[in-house]
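All values below were derived from every heavy atom in this structure, side-chain atoms included, with hydrogens, water molecules and symmetry-related copies excluded.
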Amino acid sequence: MLIALVAATHHQHVMAQNFPSSNDKIPAGWTGPVFKLSQDYPTTLPQDPLPWQAIDPTREPELYARTVYQYVLEGNVQADWEVRNNTVRKWYHAPWMHYGDTGREFIRGLTRERTTPAPGSAGTGELGPAQTRCFQNWAVGFYNPPGGYQVGKIWAKPGSPDPALSQFPDGTVIAKLLFTTAPDTEVPYLKGTVEWRANVHVFSGATCPNGALVRRPQTVRLLQVDIAIKDARAAETGWVFTTLSYNGNAPGATPWERMQLVGVMWGNDLAKNQQWINKMNGTPQHLGAQGRLNGPVDNPRSSCISCHATAQTPSRSPMIAPSQADAPRWFANYPGSRAFDAGATATDYSLQIAMGIQNLNRAKTPVRSTSNKDRWPVVIPAEDIKLMNRAFDSGRDVPLPIIMNKALEYPVGR
């Protein structure tokens, strides 16, 4: 279905586009919040003051990250993270994250992230020694005005977005709030964190099913905040990443004050010290590969920058290196204008842009698949075949053999 433009506009903002907010069916009698996509993108590049620009991220990473974090909070806490209602500055969402089994839920606009696995043995949980089960993680991301300006350019033609326009201006900030279904009985440092209701998948955590699961409004708890900043002073990548995690034992009158920096990184090269790690975080943490920056819900075989470096369309590589032999390519430094794979278009470290474009393509391009188990044909979009190898980060893992031109295309070696 062609997406129409709404005929309303206002000063220096593009005509509001009718991108869907969610595919969920809102339950009868629901009286809680309902997510609305912030899609009134600026048409001129905003020139707002950016308070971190006077701070060199490579020399004062902690001060830099704290300054950006306060900028992200400003007005959004007061608006309860309905970022289109922020009275200080509007923030904006990327379109087409509503699609599929892991797409935006209707209450807060969260999408399914990587599942935290159950520990292999007692006391070894990624979220801490008391963790016994696997837990879903769900997140919502948003772009500041310079970033929203670029999102609007990419998606100016709603039915045919242009990934070649994905180079974000200096000063772009992309922030993401990550929530877990884990309770504080298994993750004690979550005590007192922000709790939201979200329409997330139903499973006990004793097993970790994926795919087309039933959703129901449930409580999720804020565990992690990720922030990416386009900054030319990060010479090799163009981006600075910072991650914070919640510590209920930290001082602070509000949960937002009890978010503790995990670290800051602006490159993958450990020999060049392209990161700063906060050794005083105070909660059980796993970092990424060889101690690179990563948050508590992220895959410990990865890093913030190596995951986002794979942002491209079409998707030709998983976010995480399939083997140790492949790892050097994932942990190299790439400018955001360079695609991770030949034949793809880079989306400047923005996985939301890459996934949104791929979701649109998936919606347009169904192919036949046959399930050996159920003996009935299933329609699975062609882009899903490429994305299935990324299932460990999307929560999507559909165990169906994919037959194309009478040849088995999936499962493939992982």
Side-chain angles (χ1 to χ4, degrees), residues 1 3 16-26 33-41 81-84 90-115 136-144 147-148 150-156 158-163 166 168 172-179 196 198-201 210 212-213 215 220 224 226 228 297 307-308 310-315 319 347-365 381 383-384 386-388 390-391 393-396:
M1 182 179 69
I3 302 169
Q17 294 169 349
N18 192 23
F19 293 113
S21 295
S22 172
N23 272 347
D24 284 354
K25 184 177 181 181
I26 300 175
V34 174
F35 173 73
K36 298 291 185 190
L37 195 77
S38 181
Q39 52 184 309
D40 190 14
Y41 306 111
W81 299 93
E82 291 189 25
V83 298
R84 64 199 170 90
K90 280 190 178 185
W91 291 66
Y92 305 90
H93 299 109
W96 270 94
M97 296 294 287
H98 65 283
Y99 181 79
D101 297 330
T102 64
R104 281 194 171 114
E105 51 82 40
F106 79 91
I107 304 174
R108 293 286 190 167
L110 306 182
T111 59
R112 179 99 178 249
E113 295 269 323
R114 172 182 179 262
T115 300
Q136 304 169 61
N137 300 301
W138 290 72
V140 60
F142 29 83
Y143 296 71
N144 74 339
Q150 203 65 37
V151 173
K153 290 183 70 172
I154 296 164
W155 286 92
S160 55
D162 188 351
S166 295
F168 286 87
T172 291
V173 177
I174 309 169
K176 184 165 71 170
L177 308 182
L178 293 102
F179 291 79
W196 281 0
N199 197 41
V200 301
H201 291 141
N210 288 310
L213 301 173
R215 296 189 188 195
V220 293
Q224 182 174 325
D226 291 346
V297 306
C307 262
H308 284 262
T310 66
Q312 60 185 2
T313 184
S315 170
M319 292 182 190
T347 56
D348 200 8
Y349 283 83
S350 180
L351 290 167
Q352 292 181 78
I353 296 298
M355 294 293 285
I357 292 172
Q358 287 158 191
N359 283 345
L360 174 63
N361 291 338
R362 291 157 71 193
K364 291 178 176 179
T365 321
E383 282 286 325
D384 267 3
K386 296 171 185 172
L387 292 173
M388 279 181 180
R390 298 167 70 159
D393 272 281
S394 70
R396 181 182 180 84

Undergrad: Roughly how far, to the nearest 0.5 Å, is CG of D162 from OG1 of T313?
TA: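 Reported value, rounded in 0.5 Å steps: 11.0 Å.
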
Undergrad: Does T172 form a side chain to side chain contact (heavy atoms under 4.5 Å, CB included) with N144? I'd like the steps, not just the answer.
TA: CA-CA 6 Å; T172 291; N144 74 339; 4.2 Å; yes

Undergrad: Do S22 and Y99 come within less than 4.5 Å of each other through their side chains, counting heavy atoms only?
TA: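 Sidechains of Y99 and S22: no contact.
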
Undergrad: Going from CE on M97 to CD on Q352, what distance comes out if it is rounded to the nearest 0.5 angstrom?
TA: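 Here the interatomic distance stands at 5.0 Å.
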
Undergrad: Got a second to check how far L178's CG is from D226's CG, nearest 0.5 Å?
TA: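 It comes to 5.0 Å.
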
Undergrad: Would L110 and W196 count as a side chain to side chain contact (heavy atoms under 4.5 Å, CB included) here? Give the steps.
TA: CA-CA 11 Å; L110 306 182; W196 281 0; 4.1 Å; yes

Undergrad: Answer with yes or no after comparing the ring centroid distance for F168 and Y349 against a 6.0 Å cut-off, counting only values under it.
TA: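 That pair fails the under 6.0 Å test.
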
Undergrad: Determine whether L37 and R104 make a side-chain contact, defined as any pair of heavy atoms from C-beta on separated by less than 4.5 Å.
TA: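 Result yes, sub-4.5 Å side-chain heavy-atom pair found.
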
Undergrad: Please check this pair: side chain of Q358 against backbone of S315, looking for a donor-acceptor N/O pair closer than 3.5 Å.
TA: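 Pair found, side chain donor or acceptor close to backbone of S315.
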
Undergrad: Taking the side chain as everything from C-beta on, heavy atoms only, tell me whether L351 gets closer than 4.5 Å to M319.
TA: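 In short, these two side chains touch, coming nearer than 4.5 Å.
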
Undergrad: To check you understand the geometry: which heavy-atom pair defines the closest contact between L360 and P158, and what is its length?
TA: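 Scanning both residues completely, I find the closest heavy atoms to be CD2-O, 3.9 Å.
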
Undergrad: Are the side chains of W81 and L177 in contact, using a 4.5 Å heavy-atom criterion?
TA: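 Of all side-chain heavy-atom pairs linking W81 with L177, at least one is under 4.5 Å.
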
Undergrad: Taking T347 for the side chain and A311 for the main chain, is one N or O donor matched with an acceptor at less than 3.5 Å?
TA: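 It does hold such a pair.
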
Undergrad: Tell me if the aromatic rings of W155 and F19 count as close, with their centers under 6.0 Å from one another.
TA: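 For W155 and F19, the ring centres are under 6.0 Å apart.
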
Undergrad: Flag the pair V151 / P95 as yes when at least one side-chain heavy-atom distance between them is below 4.5 Å, and no otherwise.
TA: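 Yes, their side chains come closer than 4.5 Å.
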
Undergrad: Is there side-chain contact between R215 and D24, with at least one heavy-atom pair below 4.5 Å?
TA: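 The answer is yes, as the side chains (C-beta and beyond) meet within the 4.5 Å cut-off.
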
Undergrad: Is there a donor-acceptor contact under 3.5 Å from the side chain of Q150 to the main chain of S166?
TA: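 Between the backbone of S166 and the side chain of Q150 there is no qualifying donor-acceptor contact (under 3.5 Å).
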
Undergrad: So does R84 pair up with D40, basic N to acidic O under 4.0 Å?
TA: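 Not counted as a salt bridge, because no side-chain N and carboxylate O are separated by less than 4.0 Å.
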
Undergrad: Taking the side chain as everything from C-beta on, heavy atoms only, tell me whether Y41 gets closer than 4.5 Å to Y92.
TA: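 Answer yes - side chains close enough.
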
Undergrad: Taking N137 for its side chain and T115 for its backbone only, find out whether a donor-acceptor pair lies under 3.5 Å.
TA: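 Side chain of N137 to backbone of T115: no pair is present.
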
Undergrad: When the ring planes of W91 and F142 are compared, do they come out parallel, tilted or perpendicular, using 30° and 60° as the limits?
TA: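 Answer is perpendicular, since the angle exceeds 60°.
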
Undergrad: Quick one, Y143 and S350 - any side-chain contact, counting heavy atoms below 4.5 Å?
TA: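 The answer is yes; the side chains approach within 4.5 Å.
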
Undergrad: If you compare all heavy atoms of P161 against all heavy atoms of I357, which two are closest, and at what distance to 0.1 Å?
TA: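 For P161 versus I357, the nearest heavy atoms are CG-CG1, 3.8 Å.
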
Undergrad: Just do the side chain to side chain contact (heavy atoms under 4.5 Å, CB included) check on I26 and N199 with the steps written out, would you?
TA: CA-CA 9 Å; I26 300 175; N199 197 41; over 6 Å; no

Undergrad: Where the side chain of E105 meets the backbone of V200, is there a donor-acceptor pair that is under 3.5 Å apart?
TA: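 No; zero donor-acceptor contacts below 3.5 Å.
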
Undergrad: Sub-3.5 Å donor-acceptor pair from the side chain of R114 to the main-chain atoms of V297, do we have one?
TA: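 Between the backbone of V297 and the side chain of R114 there is a qualifying donor-acceptor contact (under 3.5 Å).
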
Undergrad: In terms of ring plane angle, is the pair H201 and W138 parallel, tilted or perpendicular, where the classes change at 30° and 60°?
TA: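 Rings of H201 and W138: perpendicular, as their planes differ by over 60°.
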
Undergrad: Got a donor-acceptor contact below 3.5 angstrom from the S38 side chain to the H93 backbone?
TA: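 Not a single qualifying donor-acceptor pair exists.
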
Undergrad: Check the pair E113 / Q224 against side chain to side chain contact (heavy atoms under 4.5 Å, CB included), numbers first and verdict last.
TA: CA-CA 12 Å; E113 295 269 323; Q224 182 174 325; over 6 Å; no

